[in-house]
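The structure under discussion appears below in the form of structure tokens.
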Amino acid sequence: AIIRYCTDCTIHFKQYWNKGKCHRENDLPAIIWYSKDGTTKYKEYYNNGKLHRANDLPAIIDYEEKYIKYYINGNLIKTEPLNESIKSAI
């Protein structure tokens with residue numbers, strides 16, 4: 001994992017790799033960006049270097065810009081606004 005910190009020692013960014021490709025197992029995000037207050041502001045899910053998330057779940061979640069994107073094997077399926085009902089389900 002690559003972890004970058006802000007000057008105040010809070011985590012700013014995490015990225016997970018496996019065999020040279022962005023990847024994380026067990027339906028966990030491979031890229032995570034954090035706000036200065038420590039809350040998650042952005043997540044991406046990768047499988048062997050491709051944006052991917054099964055079971056009709058979004059592979060990109062942007063909490064600041066309020067959108068989600070669904071990908072299967074690197075192919076964009078759809079984009080939707082992030083609303084409270086979706087936010088609580090993911």
Side-chain angles (χ1 to χ4, degrees):
I2 297 170
I3 301 173
R4 293 194 181 135
Y5 294 88
C6 295
T7 54
D8 63 359
C9 297
T10 58
I11 295 176
H12 179 63
F13 172 87
K14 289 182 186 177
Q15 187 174 33
Y16 295 84
W17 292 80
N18 185 27
K19 299 179 183 176
K21 295 181 180 180
C22 196
H23 177 84
R24 196 157 179 213
E25 298 285 335
N26 301 318
D27 197 37
L28 295 170
I31 296 176
I32 310 161
W33 289 88
Y34 297 93
S35 298
K36 289 191 179 213
D37 66 3
T39 59
T40 302
K41 65 179 186 177
Y42 184 87
K43 295 190 236 180
E44 290 185 359
Y45 293 76
Y46 282 84
N47 186 19
N48 295 315
K50 294 181 179 180
L51 282 163
H52 176 84
R53 199 160 180 214
N55 303 318
D56 200 33
L57 293 170
I60 295 177
I61 305 166
D62 190 323
Y63 296 98
E64 286 190 332
E65 299 295 323
K66 298 186 179 3
Y67 69 84
I68 54 178
K69 292 185 177 189
Y70 297 79
Y71 283 81
I72 300 292
N73 295 319
N75 297 307
L76 177 63
I77 305 302
K78 63 183 173 180
T79 302
E80 294 180 340
L82 177 62
N83 59 46
E84 289 303 316
S85 63
I86 293 173
K87 192 175 179 180
S88 63
I90 53 175

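Ile60 and Ile31 fall within the same hydrophobic cluster, defined by Ile, Leu, Val, Met, Phe, Trp and Tyr side-chain heavy atoms under 4.5 Å apart, directly or through other members.
Every residue was checked against the side-chain hydrogen bond (donor to acceptor under 3.5 Å, both in side chains) condition with Asp56, not counting sequence neighbours, and none meets it.
Remark: of the listed residues Glu25, Lys19, Lys21, Glu25 is the sole one forming a side chain to side chain donor-acceptor pair (under 3.5 Å) with His23.
Shortest non-hydrogen contact noted between Lys43 and Pro29 is CD-CG, 3.8 Å. The shortest heavy-atom contact between Tyr46 and Cys22 is CB-O, 3.3 Å. Ser35 and Lys41 get closest at one heavy-atom pair: OG-CB, 3.6 Å.
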Report the C-alpha separation of Ile32 and Tyr42 in whole Å, then their side-chain angles, then the decisive distance to 0.1 Å, and conclude whether the side-chain contact (heavy atoms from CB on, under 4.5 Å) test is met.
-> CA-CA 6 Å; Ile32 310 161; Tyr42 184 87; over 6 Å; no
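Between Leu51 and Glu44 there is a side-chain heavy-atom pair separated by less than 4.5 Å. With a 4.5 Å cut-off on side-chain heavy atoms, Ile61 and Tyr45 count as touching.
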Tabulate below the donor-acceptor pairs under 3.5 Å that side-chain atoms of residues 3-17 make, not counting sequence neighbours, or state none.
{"residue": "Asp8", "atom": "OD1", "partner": "Thr10", "partner atom": "N", "Å": "3.1"}
{"residue": "Asp8", "atom": "OD1", "partner": "Thr10", "partner atom": "OG1", "Å": "2.7"}
{"residue": "Gln15", "atom": "OE1", "partner": "Trp17", "partner atom": "NE1", "Å": "3.3"}

For residues 65-74, run the donor-acceptor check on the side chains, cut-off 3.5 Å, and write out each pair with its distance to 0.1 Å, sequence neighbours left out.
{"residue": "Tyr70", "atom": "OH", "partner": "Glu80", "partner atom": "OE1", "Å": "3.3"}

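No donor-acceptor distance shorter than 3.5 angstrom exists from the side chain of Asn26 to the backbone of Leu28, with no hydrogens or angles considered. Using a distance-only test at 3.5 Å, with no hydrogens or angles considered, no donor-acceptor pair links the side chain of Asn55 to the main chain of Leu57.
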